[in-house]
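Here the structure comes first, spelled out in structure tokens, and everything after it is commentary.
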Amino acid sequence: MQEIKDMVHTDFSITRRMKSGFGALTCAALLALSAPQVANAQSMFATAIKVNDSSITNFEIAERTRFLGLLRAPGDHKNLAREQLIEDRLKLGAARSVGIVPSSEEIEAGMDEFAGRVNLTRAEFIQALNAGGVSEDAFRAFVQSGLAWRQLVQAKFASRINVSEDDIDRSVASSGSGAGIRVLLSEIIMPAPPPQAAAVQERAERISQITSVSAFAAEARRYSASASKARSGRLEWLPITQLPAPLRPILLGLAPGEVTAPIPLQNAVALFQLRDIEETQGGDPKYAAIEYAAYYIAGGRTEAGLATARKIESRIDRCDDLYGIAKGQDPSVLDRGAKAPADIPADIAIELAKMDPGETSTTLTRANGQTLVLLMLCGRTPELEEEVDRAELSLGLQNQRLASYSNGYLEQLRADARIVEK
């Protein structure tokens, strides 16, 4: 940023008249020395890309590249900056063509919300950007294009994505037992014992900005402690009703590719990326109770602790088998029981949602990471004649359809645009 400031504040004019031949020669020499700086400044603000009648300058690309670097976005920051700025011009142009221009108040609220994702005020976030060579104007432009696009998509497609009562009825099972929505997720579960909590939280904030499935997969392979790490964090399709209730609206509010904000768990932090969402023909059951067992192993996620867990897993097929493992030990080493979904701790509920009866997990810990939890799902008791959460189902259907329209419209704008890269 200092180099840019030095360039911008270079004085390219001679404000006093030279009164002697020596002075004239000195003036000529100064102008000659300044010429490369003038040329550099001009090239920085020269057009690099034309999108229809709008120009993108080298300076904008450089600044967006630095911005993406500060956000620790995955991939080639310069190429990503060029692609984002092209899309920004397409989005803003389409919005303005129908009179949509976000107000200053809306933009500032959007900036506040974005800064709040990393627990900073807008002023603090801008100060951090400035220190990294990114101006407030660049941040404002980034937020403005996103707001304009959301407003345009809502205005253009709202009438097409209305979810009727018939739509909801078709998504509810004939027994009235489900919501008829399932999600395809990727996950990262990162251990965060107290000495590492701050560093893990910072890493999680960075990962939460990812919008690429492949980039999220790379982070999962590197940092996740879940068994899904071997599959790059990818989970199979899950009925939305099988997931913890507080997590459902968060996931339904995502567009494909987006990642949740970091979700604090006991001694861990979780992140979920939505890869896809679809409406099912029949409903998915909700559950009155979930029965599970937790066997506690000293040593946490050390090699010794994990080795003990693997040895136990090889000897058990169902929850009853854990009684034999725990025989002769302190009773506190094994917990088993059935609880209503709302009464199950969040981290255990998330693990159980991914499991079939008889399956185990060694992702979780207790006692500040010193105790490993060998978790096993015993079974689920379906709820009978429960009321369908129609508002939740409607929100999921609307988001699914809106994301599809949005992506298709942007592709159409790009195909119809005149884009010239210099």
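Start at 1 with the first residue, then count along the sequence. On a predicted model such as this, the values are computed, not experimentally measured, just so you know. Just the heavy atoms: all of them, side chains too, but no hydrogens, waters or symmetry mates, feed the values below.
- Of the charged side-chain nitrogens involved, at least one lies within less than 4.0 Å of a carboxylate oxygen, so that E113 and R117 count as a salt-bridged pair.
- Residue P102 comes nearest to L147 through the heavy atom pair CG-CB, 4.0 Å, listed as atom of the first residue, atom of the second, then distance.
- With salt bridges taken as basic N to acidic carboxylate O contacts below 4.0 Å, none links R82 and D76.
- A salt bridge is defined here as a Lys NZ or Arg NE, NH1 or NH2 lying under 4.0 Å from an Asp or Glu carboxylate O, and R203 with E219 fails to meet this definition.
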Exercise answer: donor-acceptor pairs, residues 373-381 side-chain atoms, under 3.5 Å, sequence neighbours excluded:
| from | atom 1 | to | atom 2 | distance (Å) |
| --- | --- | --- | --- | --- |
| R380 | NH1 | M355 | O | 3.3 |
| R380 | NH2 | L352 | O | 2.7 |
| R380 | NH2 | M355 | O | 2.9 |

Show which side-chain atoms of residues 403-411 pair as donor or acceptor with protein atoms under 3.5 Å away, not counting sequence neighbours.
| from | atom 1 | to | atom 2 | distance (Å) |
| --- | --- | --- | --- | --- |
| S406 | OG | W149 | NE1 | 3.0 |
| N407 | ND2 | A403 | O | 3.2 |

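- For the ring-ring contact (aromatic ring centres under 6.0 Å, His included) condition, no pair includes a residue of residues 197-246, sequence neighbours left out.
- In this structure, the salt bridge (charged side-chain N to carboxylate O under 4.0 Å, His left out) partners of E136, at least two apart in sequence or on a different chain, are R140.
- Here ring-ring contact (aromatic ring centres under 6.0 Å, His included) pairs that include residues 334-368, with residues two or more places apart or in two chains, number zero.
- Every residue two or more places apart in sequence or in another chain was checked for a salt bridge (charged side-chain N to carboxylate O under 4.0 Å, His left out) with E124, and none qualifies.
- Counting non-hydrogen atoms of neighbouring residues, nucleotides and ligands closer than 6.0 angstrom, the CD atom of Q127 reaches no more than 12 such neighbours.
- Side-chain contact, S224 with E187: no donor N or O sits under 3.5 Å from an acceptor N or O.
- Checked against salt bridge (charged side-chain N to carboxylate O under 4.0 Å, His left out), E202 has the following partners two or more places apart in sequence or in another chain: R72.
- Formation of a donor-acceptor pair under 3.5 Å by the T371 side chain with backbone atoms of A367 is not found in this model.
- The two residues L322 and L334 have their closest heavy-atom pair at O-CD2, 3.9 Å.
- The salt bridge (charged side-chain N to carboxylate O under 4.0 Å, His left out) search around R150 returns none, not counting sequence neighbours.
- With sequence neighbours excluded, the residues forming a side chain to side chain contact (heavy atoms under 4.5 Å, CB included) with A115 are F125, listed by chain and number.
- Looking at R301, its side chain does come within 3.5 Å of a backbone N or O of T362 through a donor-acceptor pair.
- Panel note: side chain E106, backbone S103; a donor-acceptor pair is recorded below 3.5 Å.
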K339 vs E291, salt bridge (Lys or Arg N to Asp or Glu O under 4.0 Å): CA-CA, chis, key distance, verdict: CA-CA 6 Å; K339 295 183 179 180; E291 184 181 4; over 6 Å; no
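- Every residue meeting the side chain to side chain contact (heavy atoms under 4.5 Å, CB included) condition with T363, not counting sequence neighbours, appears here in chain and number order: I189, S226, E351, S361.
- Heavy-atom minimum distance, D321 versus D317: OD2-N, 2.7 Å.
- Around the CZ atom of R414, the shell of radius 6.0 Å holds more than 12 heavy atoms that belong to other residues, nucleotides or ligands.
- By the side-chain hydrogen bond (donor to acceptor under 3.5 Å, both in side chains) test, Q154 pairs with no residue at all, sequence neighbours left out.
- Between E236 and R231 there is no salt bridge, since no side-chain nitrogen of the basic residue lies less than 4.0 Å from a carboxylate oxygen of the acidic one.
- Sorted by first and then second residue, the ring-ring contact (aromatic ring centres under 6.0 Å, His included) pairs involving residues 67-93 (not counting sequence neighbours) are F67-F142.
- Looking at S186 and R234, their side chains never bring a donor and an acceptor atom within 3.5 Å of each other.
- Side-chain atoms of E83 do not come within 3.5 Å of backbone N or O of L80 as any donor-acceptor pair.
- Q273 places a side-chain N or O within donor-acceptor distance of the main-chain N or O of G257, the cut-off being under 3.5 Å.
- To the nearest 0.5 angstrom, T308 atom OG1 is 8.5 Å from Y295 atom OH.
- Taking a cutoff of 4.0 Å between a charged side-chain nitrogen and a carboxylate oxygen, R336 and D320 qualify as a salt bridge.
- No hydrogens or angles considered: nothing links the side chains of N52 and S54 as a donor-acceptor pair under 3.5 Å.
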